[in-house]
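Worksheet: the structure to be examined is printed underneath.
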Amino acid sequence: MEILISILVFGLLASGFGALLGYASVRFKVEGDPLVEQIDALLPQTQCGQCGYPGCKPYADAVANGEAINKCAPGGDDTIKKIADLMGVEVQPLDENHSVDNTPKVAFVIEEDCIGCTKCIQACPVDAITGAAKVMHTIIADECTGCDLCVDPCPVDCIIMIPIKQTPETWQWDLQSIDVVQID
Amino acid sequence: MDSVLERINKNHFWKFPGGIHPPEQKFLTNDKPIKNLRLPKELILPLKQHIGNGGELLVKTGDKVLKGQALTRSDNPMSVPIHAPTSGTISAIKNSIIAHPSGMSELCVFLTPDGQETWVARNIVENFYSLSKKNIVEKIADAGIAGMGGAGFPTSIKVNTSPGLKYLIINAAECEPYITADDLLIREHSSAIINGIDILNHLLEPEIILIGIEDNKPQAIAALQAASQKNDKIKVCVLPTKYPTGGEKQLIQALTGQEVPSGVLPLSLGVVVQNIATVFSISEAIINDIPLLRRVVTVTGQALQKPQNVWALIGTPIQHLVEQCGFNETEQQRVIMGGPLMGFALPTLQVPVVKTTNCILAPTNIEISPASKELECIRCGQCSDACPSSLLPQELQWQAKAKEFDKLEELNLFDCIECGACAYVCPSQIPLVQYYRVAKAEIRHNRVQDFKADRAKLRFEARKVRLEKEKVAREEKHQKALAARKAAAKTSEGQANNSAIAAALARVKAKKAQGGEAETTGIDSSVDGGDVKSRAAQAIARAKAKKAAQQTTSTPVTVESDSKSQAAAAIARVKAKKLAKEQAAQAASEITEEIVKPEVAKSKVAKSKTAEPEVVKLSPADEKKAKAKAAVAKAKAKKLAKEQAAKAVTEITEEAVKPEIAKSKAAKSKVAKSKVAEPETAEPEVVKLSPADEKKAKAKAAVAKAKAKKLAKEQAAQAASEITEETVKPEVAKPKAAKSKVAEPETAEPETAEPEIAKLSPADEKKAKIAKAITKAKANKSSVSKPSSSISDDDKKKKISAAISKAKAKKATATINKEESE
Amino acid sequence: MTFWIASSPHNHIKAATPSLMRFVIMAAIPGVFAQWYFFGWGTIVQIALAILFAVLAEITFLAIRDKNIKSQITDFSAVLTGLLIGISVPSLAPWWITAIGSIFAIGVVKQLYGGLGFNLFNPAMAAYVLLLISFPLQMTSWQPVNSLLVDDISFFNNLWLVLTGYTWEGFSVEQIRMSVDGITMATPLDTLKTDLTLGLTVNESFANPVFGEFIGLGWEWVNIGFLLGGLLLIAKKAIDWVIPASFLGSLLIFSFIAYTISPDSSASTMFHWLSGGTMLGAFFILTDPVSAATTKKGRVLYAALAALLVYLIRKFGGYPDAIAFAVLLCNMAVPLIDQYCRPRTYGHKGVN
């Protein structure tokens, strides 16, 4: 008899809590960002395709579906760490196939060489190149993500990637980097 | 307000939290008058000496300028002009290290004084009340006055507010140790300061003017009280000495009991704070029409024999200042611009005094010991006790070390005024402020990055949408066209008279063709309806360029246009460039390629010479074509260079076949030489040949050259096969030599020239070999056979050939000599 | 000419963590002196042992963790921990008690948590609690003050007692602890607690010779010694006055409330202040910066909470003294306290 009572009590308790939990999960459901959106938000949006995907969103998609998280070269270790945090996986070093030097750069058209072929305009993922056929093109430096996708299509190699120069305003308080001038 | 006034009248002020009492060390300099310095040899004037933007330059190197003359013009309110502090000559305008903690360079004007001190025309205003307020603000802006306390905010913006302030606060607290510049300025120029206050009073019409001064400056307090007696709006408020009373927010809190809300300017409380040195400059600018040319700088520290306050011209190198004060450099010497708590160490003494420089501190190591190694934080909390902003420095430090930027912002990192009180008291010697600065810089950087990423994302998505739309539109067009064609076919069956429809159809087709073409090449179809053929030609050329870039096959250039001179020049230029690049990159191929280098350099020179005059002669249409050619050539060159690079490794392994390689190289070098020589000859040719002929000839030359180049490369790479070829060469070369001779005179006859070249165009090996042979023969025989062969030609041709061969011979010997010497 | 680049502020107050630690050690001297005076050489022997083992443990663990031993050992934090353990351990406790305490304090509580600055708990108190729970007999065998002993114990005998458990003459600790009238002596707090549970009133309990004339013979002076040292620390700004003030004030309030409710079963404030480890706790243990709260408000709360716990445990708990337990419990609460006691930043409306 006692056994029955205890089974009954625990059975009731279990079903009660189960119902409560079930209700809570429906009632308090958090409509968070879908994972893809969250990953996409962490990516640097250079749309460079160095990961092997045509843009940041497709890579975010792939990561959400189990692609390695260490393929974003422009984002570097910081981005990998953030994605690892988000996904709850181990931080991995940047994939060697995708590791390039990721100093911030901006594309620049050597104007006298430009033949106005518009190939770079088509290559630019963020429409940061202006120009029309047979007239010189130029790059909107502020919009350039430094993805260097325009460099290869150029038939006359008139696009170069210039590292963004540091100015006193963008300087990051790295006192070690100041070379002290040695006079005499 | 009343209670505030009451408290002020009773000299009973508020307290701000935290604060420290570092040793003041003001005795070093506060007992000596302000000294006037000799003129330095050179003044360095950074264009930007304050927060905001630099002005627009008005002078150029070599200009003579007068004292007080504006050197830059401010084109927006956030930029402030600079002036020549003395008369002299602009000796240079270049980048130089500026007074900034980064030790980076920015554009500076270098002024060599002439010692005359000749003023520009000045307009002294006895009674400033006669000036309009707008006029006064303009004068302040033109005088280049920016806050002289530290940050350097343009003063004209600060004073350009609607009148009716509550408080005008004059900051004379000078709370940092060592600095006595304001102290001395007040003592010596109190009346001018009061004039400046009157001007601000006139301009801002505050309810009350408070001068905040610390109680460690009794003489200055007395001077101010004496001078301000006649104006009862002015209250000299003596505050207890505590660092950082002189901080703008802290001073407002101490004097009025109010806090400036985070992220807004004090103006929102009806408060304007001006530094007392700025007030003095305003008085000078309005009354005496003297722009901001000099300021008081405390030159102090025990590494100096005679520490003293000095009148330093803006732009005076620090070297000059410290030398005048008896600088003895000590071990691990630091020279600090600003005070010991907020100043920054200078990397060199060539940094100039700027508008915000109030102190130069050269301490000895005993006086201010260098930073010792930081220990672990023991959470003693002394930092939070010292923080005037009531932050939690120790928590900020942990989060900064862990790069938890969100947490840092939650902890109000951006309310930190970087006063250094926390780091001053830290028993573990943790450079807290440095951590905050790095974190702040990184957060700002991240914000910019995030902003950019968002924009990039938007643009990327917009682009995707656009491409999608275009695709749909294109498909629609195709569909329509198809439907139209079908309809046309149907109607043609049914109707006898369909000429009108046919015409329409033709129109549609033409249009479509045009559109399609535009799409494939990315050109909008608004090509002027001129020469349809030339357009087509261009398109073809471009398409070919594309092909060339994509395929490694060496389809020679189709010569259908008749002006290729520019192309030739471009080819050579690009090739040379490419080669040089590749060589530098591939150490492996260096050995063999060393031979080619000098010629590359030469060809560059030669080509650039020839290219210029020709450019003038070409018609626009020609130019376009030439450019297309250049593109093709470049693409080819690119491919070739790549191939070569790839093969370079095998080359090394083939060291055993070196003699052969060497030979082939020799041949190659000769090819190159001949190439080099040709462009030089182009100039005389230009004169003699008819334009058409000339162009043809050049095109030929270009084609041949390109081929020669490529083939030479191939030879170099395929050294093994070369051996066998070498044996055949004499036989092949001779007939080919003859052929090549034929080819040259042919340049005069366009009709035959074209098929000739066209014959070469297929990429099959046989043809390639012929071409190779041609060039080789040219190269090998140029010095010997050319003159003889050209004799048979007519006079004109002979002359040309002679010139060519002469030039070639010259070149060849020159390069050979060079090679040998190398 | 080479210049040195450094971050501002370039100036620095001369205070440094090692000297701060040294000063705290010095300030403990009056209390230690009183303890020596009333409880004999055992105290000194224990302190010496504790410091020795603490330093040895610190060196060992720093070596294991591959840290710079010299710079970290010279910060004197291990010595201070050892000192506090030595003071807390009964003077006649066997040597291995002290050794275990010191090694546990340094090795587990401090170094396993990441070394100086990262330990969540006060190492000395955590070690004390470990010892108290593991070895209750040895840890409560405080000898009565010297004047109540049959014979004085010489330094040598004391050392021998600590090392072997017997004096040279062969007396055991238990025999030593016998008073003149043959009763085993406990500490005043212990005695009071036992008496109260036996149904005696406070006044009746105070008849016991351990209480002496005032509060607790010897103990009151030891506490006064630590109070003196603590005041010195405050005067020299080595510790924040807020914690001791809040602690003692709260203790006063709680004991006063209890006393007014039930004078018979509650000891006076003075008794609470001057017995057990109250003063040591107030000035030397609660003020340990690493494990204490860091915000001003937080410190007030932290110390008041400690006082409440001390009082509750002393009154209702199973152990006679409660400083160690209270400190550990408060240490646990520190992150929470700090989280909710953040000061209002300049220019901000409220605490965020």
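Order of the sequence lines fixes the chain letters, A, B, ..., with proteins taken first and strands second; residue numbering starts at 1 for each chain.
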With respect to chain C, which residue among [options] yields the maximal number of heavy-atom pairs within a distance under 4.5 Å?
{"options": "B:Gly343, B:Pro17, B:Pro388, B:Gly339", "value": "B:Gly343"}
{"options": "B:Ile378, B:Val425, B:Leu391, B:Ile417", "value": "B:Ile378"}
{"options": "B:Asp385, B:Val260, B:Ile20", "value": "B:Val260"}
{"options": "B:Ser390, B:Pro177, B:Gly338", "value": "B:Ser390"}
{"options": "B:Val433, B:Leu361, B:Leu392", "value": "B:Leu392"}
{"options": "B:Gly381, B:Pro340, B:Gly420", "value": "B:Pro340"}

Step through the shown structure and confirm whether more than 12 heavy atoms of other residues, nucleotides or ligands are within 6.0 Å of [atom1] on [X].
{"X": "C:Tyr113", "atom1": "OH", "result": "no"}
{"X": "B:Lys401", "atom1": "NZ", "result": "yes"}
{"X": "C:Trp241", "atom1": "CH2", "result": "no"}
{"X": "C:Asn68", "atom1": "CG", "result": "yes"}

Spacing of [X] atom [atom1] and [Y] atom [atom2] [to the nearest 0.5 Å]:
{"X": "C:Asp75", "Y": "B:Glu376", "atom1": "CG", "atom2": "CD", "answer": "9.5 Å"}
{"X": "B:Met337", "Y": "C:Ser8", "atom1": "CE", "atom2": "OG", "answer": "14.0 Å"}
{"X": "C:Ser7", "Y": "B:Tyr436", "atom1": "OG", "atom2": "OH", "answer": "11.0 Å"}
{"X": "B:Gln394", "Y": "C:Thr295", "atom1": "CD", "atom2": "OG1", "answer": "8.5 Å"}

Correct closest heavy-atom pair for B:Tyr424 and C:Asn11 would be CD1-O, 3.4 Å
Between [X] and chain C, with a heavy-atom cut-off of 4.5 Å, which part of the residue counts as in contact: side chain, backbone, both or neither?
{"X": "B:Cys380", "answer": "both"}
{"X": "B:Ile336", "answer": "side chain"}
{"X": "B:Ser384", "answer": "side chain"}
{"X": "B:Glu418", "answer": "neither"}
{"X": "B:Gln434", "answer": "both"}

[X] side chain near [Y] side chain, heavy-atom distance below 4.5 Å:
{"X": "C:Tyr346", "Y": "B:Asp415", "result": "no"}
{"X": "C:Arg344", "Y": "B:Glu259", "result": "yes"}
{"X": "C:Arg342", "Y": "B:Leu411", "result": "yes"}
{"X": "C:Thr345", "Y": "B:Ser262", "result": "no"}
{"X": "C:His10", "Y": "B:Leu341", "result": "no"}

How far apart are the C-alpha atoms of C:Asp338 and B:Arg379, what are their side-chain angles, what is the distance that settles it, and do they pass the side-chain contact (heavy atoms from CB on, under 4.5 Å) test?
-> CA-CA 12 Å; C:Asp338 274 348; B:Arg379 297 173 30 112; 3.9 Å; yes
Can you find a side-chain donor-acceptor pair between C:Thr17 and B:Ser428 that sits under 3.5 Å?
-> yes
Could you tell me which portion of C:Val334 (side chain, backbone, both or neither) has an atom closer than 4.5 angstrom to a non-hydrogen atom of chain B?
-> side chain
Side chain / backbone / both / neither for C:Leu20 at chain B, heavy atoms under 4.5 Å =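 The answer is the side chain of C:Leu20.
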Considering only heavy atoms and a distance below 4.5 Å, find which of C:Gly117, C:Ser19, C:Pro18 pairs most often with chain B.
-> C:Gly117
